[in-house]
Every structure is written in structure tokens, then in C-alpha cells.
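First up is the structure itself, then whatever we jot down about it.
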Amino acid sequence: MTDRTIAVDYLARVEGEGALRVRIHDRTVEEVELRIFEPPRFFEAFLRGRSYLESPDITARICGICPVAYQMSACHALEHGLGLRVTPAVRALRRMLYCGEWIESHALHVYLLHVPDFLGYPDAIRMAKDHPILVQRGLRLKKAGNAIMTALGGREIHPVNVRVGGFYRCPSREELEPLRPVLEEALGIAEETVRFAAGLPFPAVEEDYEFVALRHPEEYPMNEGEVVSSRGLRIPATRFEEEFREFQVPHSNALHSMRRDGGSYLVGPMARYALNRDRLLPRADAVAREVGLEPVVRNPFRSVLVRSVEIVQACEEALRLLDGYRPPERPFEVAAGPFDVPGCAAATEAPRGLLYHRYQLDATGLIEEAKIVAPTSQNQKRIEDDLREVVTRSLELDDAHLTDACERAIRNHDPCISCATHFLTLDLARD
Amino acid sequence: MPEPESPRAPPPTERTLVVGIGNEHRGDDAAGLLVVRRVRPLLGGVGRVVEATGAGTELIDLWEGRELVVAVDAVRSGGAPGSVVRREVGPHPLPTPLSATSSHGFSLGQAVALGQALDRLPGTLILYGIEAAQFDPGSPPSAAVAAAIEPVAQQVASEVRRYLGLHGPTFPEVLADA
């Protein structure tokens, strides 16, 4: 009888915040525990008693990498309940801002995290020494995303220009025009990225995912759409909590999400693509066809290809929106009340997947209750399922290689660790 | 006398950068952010002062092309809480782990290593690390770390001033330029 424990501490290298524990007993995987601390719980409490107008700015601070997603879900949820309709120009600007975040987030993941796995490097730094052009390409794409966020968000990190009802200020056409050459170059790099990613060596794995994403009648989803699943679900976002439940797991203070029937599900690029393949713009569609990307990708390692196609989509969409942009007459609409209304709920598509917000306001517009369901909490149970299968398939590996296989399985889904600390671990010799 | 600025040299306000790294909702991890919030008024508009709360990769874009960058971060190095480490980054990697399982986990140490690998470091890069005691979600910084903020901010501000005074326009000239 043998017992093995595999541990991956990836959250922040803080003692006691081990994120993954796998227990194997007699060649049977007995336990897989993924633990990701969830800041939304903390922010839900923090929001109580604050004005609804503060929500986009406060929730943007939940995550240093995806602030736009939190702003968008907050704005849409509140506008939906308060009956605010934004102008088409504001809608276009928001979508463009979201494109910036998608480009930045996906470029980081593809080039600095995922590609090293396929090329046999332990990290992007060692890959950069042999393949500097690859890493430079990733940083170039990321910079293009940043350029959009700077132009529309006010600041690169934590955009401050977005508000409930619109933007505090909308840029002129002239102000946005410098984005054009940046995005045109990024679009070309993104297409090259898809071609490059298609040639990576992929393990032959297929998982039986229930994909969940937004679906819009005309567009590849970002800000709007119904919540749909690959198993036939189709509901407005306001009914999200009827179909998806959060539950407390004993090994974590975080809540995990599951379908009403108890099953796990997957949100994020693979889900969006599987449910919206027919909504890709022409160049994204063309390059996906060129490399033979299957309409539904069930191999989590191939998510690198799907992310790459989504970078093309985001660059192409941002350019399309830039072409049609005319500044609105009014940058924002103001809610007249009443505020203590039901239905302040919405979902948008963060780079990592569906992000749901719901608010209950009092009669003066102060937040009584906030509910935030982030993509990673929805994917945790599904990532645990992936890990269980990875370990079961790989029991012959020694501990170091098995740990590496587990880390790769987690990286496939790039969990949002918005709670992450950013401190530096230094191994200093002290006298 | 300082060397005259070449036409391609960055404006004086862009020559130096002070960047604080951290998460203000994780106890002592806020140290770097708190220091730069104090450095900002001390420098009164000299050079750029930035709070970085996202991925470490943003640092590479921020510091590229600058003459002097001072990065302030919380550290774990086994020292007493609140103690301060100052390191000038040379050609060798920092003694820090380099792997990550999420793109959100890209650290200052990784950014330095990537900058070294791609030859994208600033002219001089100085790290100030404040030894952290705890990273409890939602908690304020510990007393030892809070006590270190002001002295580190003073030291960082004078480091920037001294640099500009020695190698560029004097402090009042820079102020006038800004």
C-alpha cells in the first residue's frame, strides 16, 4: 500500500495557501482539492452601504489583470435593473475597451505561460533566452491591448473612465485614431500566433465538458447575450442563480459553482468558441479554418489555439468599432430611480469566462447586497475534474513529473488569482 | 555641469520611475503601494511615480528606456518584519522562484529575469524590499511594515533627487520643466 501526496503551491507562495493537494492511495486518486482564495467575497461585503455609482470602480480593483470585466458586469447589471439604455456609441466604446483587456490577458497567457509548456521550458524566462522573438511578440500584443485600455480607460491598470450609464468622458475620433496602426499590426501578429500555435505538439486528450457562455444574436459575445450551455440551457442572465449554484467546499473558504444538477461546467475561451464559432469575424474565422481548428475544442491543451483565435477576433473587432465610431452627444445617461428594484443582474464575458454580478439597492441607491460570481470560481470544480483525470492517466510518473503534469493542467485554464499577492521572494544569504 | 539633453533623450520627467508593486487588500503586500503614495508628494512632480497592481509584465513596458527605476515591493527573505533590503539589479537573476501557474502570478522577480533575458532593463534598476509579516486578505499592514513606509519613501525620494542632481538637470530645473 502506498500513499502519495502531490502539492502545488501556486497562488502566491504564501505558506498555508497551497492551492492544490492530490492524495493518491494504492494507485487510486482519492482526493483532488483545488483551493483558490476568492476576493469577490471580501468585495461583496465591502460594497454594502456604498453608492451604486461606486460599484464599477470598486469592483475593478478585484483584479489587476481583468478590471474591465468587473466594471462591465457591474455597469450592465445596474443599468439593466435601473432601466438605463446606453447609446450605441457608448456600447461600441465599451466593447472596444473589453477587446483591449482580452488582447492583453490572452497574449500574456499564450506567450508567457502556455507556450513554454509546449516547447519544453519551465518558464517564459528560459524560453526567452532561446526564443526571444516569441516572447517579444507576446509583449507586443499585450502592449496593443494596453494601448486601447489607456485610450479608453483613463489608466492602463484599473480603468477609471467607465461609469454606470456610459463613460465619464468619451474620446474624440482623433484621440482614438493612433490606435489604428497599433491594432493593424497586432492583428497581423495575432494571425501569426494562431498559425504558430497550430504547430505546437498537443497531447491527445478529450474531456467531456459542459460549456457555458453568453450567446448574442449577432456578435461574438462580450457584453451581452443569453446564457447558453452545450447541453441545451438557454436563459437570460437574470436567471443565472436559478441554474447555477455556489457551494462551500470543506477544503477552501472559497465557493465553488456547479450546475443545478450538481455537475461541473467550464466557462472561458473554449466555451465561448464552442458556442459561438459561427459568430467569429471574417479574419478570425478564416485563420481558424486555415489551421483546421475544430468547431468544438475539447482538448484543454488546445485552448492556446482558441485564445489565439480570440486575440484575432478582438483585434479585428476593435478595428471594426474604430471605423464606425462617432462620439455620442452625451457621454452617459443618468438613472432617475426608483433604485430599490429587482433585476440589477447581468453577465459579461471576462477573458477567463462568464462573470456574473447582481445588486440589490435601497431606495436611495445604496448597495444592500452584492453578488459576484467570477469565472475561476465557476471553473474550479471542472479543473479538479481535469486534474483527477490527469493524475489517473499519469500514475507512472515520479512526483516531480506528476506535479508538472498537474501544473500544466491548471495552466490550461489560466485561473484568475486576482487575490494574488505580488511580493518578492528572495533567497538571501544572511550573516 | 550636466550634459545637455540630446534630441532623442526622454524629457526629464520621464527619465526616472518609482514603481510600487502590491495588492492593497492583502496586508503587508500593500507596502510598495504605500511607499509610492508617500514618494509622490515628496518628489512633487519629478519623474514618474506609478502604482503597479497587475501582472509583472507591465513593469517591462514601464521601465524600458528610463535611466533610473526604483521598484518598491514587499519581500519574504527571512528577515525581521519591517526590515528593508536594497539591491541594485545587475546582470544576474535575483534569487527568486521563476515559475507560475497563472498569468496573474507573474512577479517582479520574473519581470527582472525576463528583462535581463530580452535586454529590456532600464539603465539602473534598484529594488527596495520591505520584509512582510502577513498577507491576510482585507487586513491592514502590520505595525512593523507600516513603520517602514516613511523612512523608505524618504530614502527613495532622495535617491531619485540625487540621481537627477548628479546626472541631469538640477532639482529646481526639473521642477520648472515639469
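Here is how names work: the chains are called A, B, and so on, in the same order as the sequence lines, proteins then strands, and each is numbered from 1.
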Any side-chain to backbone donor/acceptor pair from A:H109 onto A:R411? Under 3.5 Å, distance only.
yes

Could you tell me which of B:I130, B:D28, B:L114 has the largest number of non-hydrogen atom pairs under 4.5 Å with chain A?
B:L114

Could you tell me if B:Q155 and B:E159 have a donor-acceptor pair between their side chains, going purely by distance under 3.5 Å?
no

Chain A heavy atoms under 4.5 Å from B:Q116: which part of the residue, side chain, backbone, both or neither?
neither

Would a 4.5 Å heavy-atom cut-off, applied to side chains only, mark A:P351 and A:C66 as touching?
yes

Quick one: does any side-chain atom of A:E101 pair with a main-chain N or O of A:V68 as donor and acceptor, under 3.5 Å?
yes

Measure centre to centre between the rings of A:F301 and A:H114, then say whether the value is under 6.0 Å.
no

Carboxylate-amine/guanidinium proximity below 4.0 Å for B:E131 and B:R76:
no

Heavy-atom donor-acceptor pair, A:S105 side chain to A:W102 backbone, under 3.5 Å:
no

Toward chain A: residues of residues 117-124 of chain B with heavy atoms under 4.5 Å
B:A117, B:L118, B:R120

